[in-house]
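Below, each value reflects all heavy atoms present in this structure, side chains not excepted, and no hydrogens, waters or symmetry copies. Treat the numbers as computed from the prediction; the structure is a model and nothing was measured.
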Amino acid sequence: MSSDHPGSAGTFAALEVSKLLQSKDGLNILLEEMLDGFLLTVGEQLVYCNGVFARMIGRDAGEIIGASTLDLLHKKDHPRARLRMDELRDGGQIYPSEYLFLHQDGSRIPLEVSSRRIEYAGQPAIVSVVRDLSVLRKTQLALEASEEKYRLWFENVSDAMMVINPETFGFEDVNRSTLELFGYTREEFLQLKVPDISNQPELTAGTVVHLRKTGFPEEEIFRRDCRKKNGDIFPAEVSAAAFKADGKMKIVAAMRDLSERVRAEEAIRINEERLALAAQAGRVGVWDWDLLTGALYLAKNFTAMLGYEDAEGPIDFKAWMEHVYEEDRPKLQEAIDNHLEGDAEQIELECRMLHHSGAICWFIVRGHVIRNDDQKAIRLIGSHTDISELKRVEEELTIHRNLLEDLVEVRTLKLRNINLKLQDEIKEHERTEAALKQSQEELRNLSAHLQDAREKERRRIASDLHDELGQELSILQMDMTWLENNLPPESAELVEKTRSMSHFVGQTLRKVQHIAQELRPSVLDNLGFSAAISWQSGEFSRRTGIKCQLNVPDEDIDIGRDLSIVLFRVYQEALTNVLRHSEAKKVKVDLSVEDGQVLLVVKDYGRGITRAEMSNPRSLGLVGMRERVHSLGGEIKVAGSPGKGTRISVQVPMDQKEQEL
């Protein structure tokens, strides 16, 4: 690709500044919202201006960017403007200057320009803040022409306006903007003198004396640090001029708060530093290729990455291409051509370049073309990002990856063998677990069968005791009573003996009845589960003195014989645990049926069961209760709180298959 593409530094710089402004949070908004105009000049070309400046001269920003700054000035100011730009490039002082700018309608606009030198893309540039001096001119005209018009304008102008007596340093008049800026009332302000509002009182007083002595009719512009009523200090720009009214000299001054401008300048300075630091930290080198002249600009950090001093390194496209590794030149040239011809949106590829020492450096090359209004390519700008370290790490990673893959293959084979063994062990474990579950199920079924057998035996024994032994004892007691009643009166000793035997038979009968009741409470079979719970609670309270608070349904709960006896035995065991371990004085019992589930809750108010006691395999009472409940597909929960008691909750489905006990 040849290097004879047309272009202009102004177009390139304007686009770059525009990107810079748009990429920084709030900076573009700040510049566009300023009351002053803002310019950036490279050489004599205007590469950026904000909308404020464009409106000052009645033009659009797009029309004047890229033009010579001097073309915007009246011809008589050209020599003075060139001299001023040369002074700034040589490190001259920063001070405002007044120039006549040409308005779109042909009129001449007096504007004040405050400029300073900066470095932009490795080139000297000038940033300027522009202020419309027509405000001050209007003030002077208003004072000379009409007091009424003067007062109307004077009070409503946005700048702080003051009329000063140069003899007394006092204020003879101020507008509303002055009072708002400083925070005084009009009466308070008119009692002040010029040094009272200045943070540099001697310097400010000297300026007033100078104006008084010279009677200078043209305005002088200077900066001062001023002080508000609340003590806040702010930078201000003051335009002052001397004039005569009624034969007396006066000074009119227009003041503008520069706080926003100072913040904008500081933001520009900080962003310039950040961009430089970011490029340096990211090892990114910026380049700019003028397709018209073939000239190539390389940022300092880019030449340093290639091992050259500032004055060394490639200066045109041909020299730059010679630094590209020979094998990579064709693909780089192809990428540039494709982008310039519109086949690719941008240039982006990896390529190698030769370091000054002869070493090879890896870079990511990115570029973007700048075209004029006719869509002709005039400039190519871009960057080189050093990825040499990344490539070195990638090569090491490739070596380690290959080694790792070998190790993984060996390890995979070992793991495959281990996995096969584990699968065999898992299958064996599953078989063992299934056998264990089957054994547990068989044990549970055996336990349930034993419980059923025991209940049947209890019922049979209770029936035998009650029906046979009880009846025989009752008959024996009746016979003893008959014998006692039919003995002759003179057989007193025999009568007493018979009475004693009858009493003993009665006690034996009651014990038999009690044993039969304990083995199988007849109330459970005759009156139902609720009545059996009430009876057992009463018996427990009578024997132990522990109060039982019952909350059971008034009507009996028809839950079936098997479920009734299991829950009754669980309740008996719960009361036994209360007596043995809880040290409680009160037990609360709740019995209810909800959604096909029987819920029995026994809560004591004793010391509370501990975790160790709940998990102790020797706690046969709890083990027995769990087995009974689980045999019916139910759930039992035991919880204890130290000093607050123990709560046993049993929930069993009502739908149980009945068995003959």
Side-chain angles (χ1 to χ4, degrees), residues 1-7 9 12-13 15-16 19 119-123 275-370 377-402:
M1 183 203 68
S2 63
S3 59
D4 56 348
H5 294 276
F12 158 62
L15 289 171
E16 282 303 283
K19 291 179 182 178
E119 286 288 325
Y120 173 69
Q123 304 178 62
L275 286 174
L277 289 173
Q280 182 178 1
R283 295 187 63 78
V284 178
V286 178
W287 50 268
D288 172 17
W289 178 21
D290 190 327
L291 301 178
L292 179 63
T293 65
L296 180 68
Y297 163 75
L298 299 178
K300 293 180 180 179
N301 64 324
F302 186 22
T303 56
M305 282 190 285
L306 293 176
Y308 291 96
E309 300 293 337
D310 293 346
E312 299 178 332
I315 60 174
D316 57 22
F317 177 76
K318 182 178 179 181
W320 177 47
M321 189 62 87
E322 289 177 354
H323 281 76
V324 178
Y325 194 65
E326 186 174 1
E327 293 181 4
D328 293 342
R329 292 175 192 171
K331 67 176 183 180
L332 176 58
Q333 185 68 62
E334 182 182 2
I336 294 174
D337 292 341
N338 289 339
H339 179 53
L340 292 177
E341 292 169 6
D343 295 334
E345 293 185 1
Q346 65 176 359
I347 301 168
E348 183 169 354
L349 77 159
E350 294 182 3
C351 72
R352 291 163 287 183
M353 297 193 72
L354 297 176
H355 193 271
H356 186 48
S357 65
I360 296 176
C361 301
W362 276 93
F363 290 92
I364 293 180
V365 181
R366 295 183 178 91
H368 188 80
V369 68
I370 303 298
I378 59 176
R379 210 167 194 88
L380 196 61
I381 60 173
S383 65
H384 275 46
T385 303
D386 188 351
I387 59 171
S388 302
E389 181 64 19
L390 178 61
K391 284 293 184 180
R392 184 189 64 79
V393 173
E394 286 181 351
E395 291 177 0
E396 292 183 359
L397 285 175
T398 301
I399 295 173
H400 288 294
R401 187 182 298 112
N402 293 334

Value rounded to 0.5 Å, distance of CD1 in Ile387 from SG in Cys351: 8.5 Å
Any side-chain heavy-atom pair of Ile360 and Leu354 under 4.5 Å: yes
Residue pairs involving residues 353-365 (criterion salt bridge (charged side-chain N to carboxylate O under 4.0 Å, His left out); sequence neighbours excluded): none
Flag if over 12 foreign heavy atoms under 6.0 Å of CD, Glu326: no
Distance in Å, Asp337 CG paired with His339 NE2, rounded so as to fall on 0.5 Å steps: 11.5 Å
Partners passing side chain to side chain contact (heavy atoms under 4.5 Å, CB included) against Glu395 (at least two apart in sequence or in another chain): none
Pairing residues for Glu394 by the salt bridge (Lys or Arg N to Asp or Glu O under 4.0 Å) criterion, not counting sequence neighbours: Lys391
Counterpart residues, side chain to side chain donor-acceptor pair (under 3.5 Å), relative to Arg329 (two or more places apart): none
Distance in Å, Phe363 CZ paired with Tyr325 OH, rounded so as to fall on 0.5 Å steps: 15.0 Å
Atom pair CD (Gln346) and NE2 (His368), whose distance is rounded to the nearest 0.5 Å: 8.0 Å
Contacts of type salt bridge (Lys or Arg N to Asp or Glu O under 4.0 Å), residue Glu327, not counting sequence neighbours: Arg352
Met321 vs Leu332 side-chain heavy atoms within contact, under 4.5 Å: yes
Partner set under side chain to side chain contact (heavy atoms under 4.5 Å, CB included) for Arg366, not counting sequence neighbours: Glu348, Ile364, Ser383, Thr385
Contacts of type side chain to side chain contact (heavy atoms under 4.5 Å, CB included), residue Leu397, not counting sequence neighbours: Val393, Arg401
Any side-chain heavy-atom pair of Leu349 and Asp328 under 4.5 Å: no
With Glu345 via side chain to side chain donor-acceptor pair (under 3.5 Å) - residues at least two apart: none
Atom of Lys331, atom of Glu350 and distance for their closest heavy-atom approach: NZ-O, 3.0 Å
Residues that Ala344 engages under side chain to side chain contact (heavy atoms under 4.5 Å, CB included), provided they are two or more places apart: Asn338
Val365 side chain reached by Val324 side chain, heavy atoms, under 4.5 Å: no
Heavy-atom pair of closest approach, residues Val369 and Ala377: CG2-CB, 3.5 Å
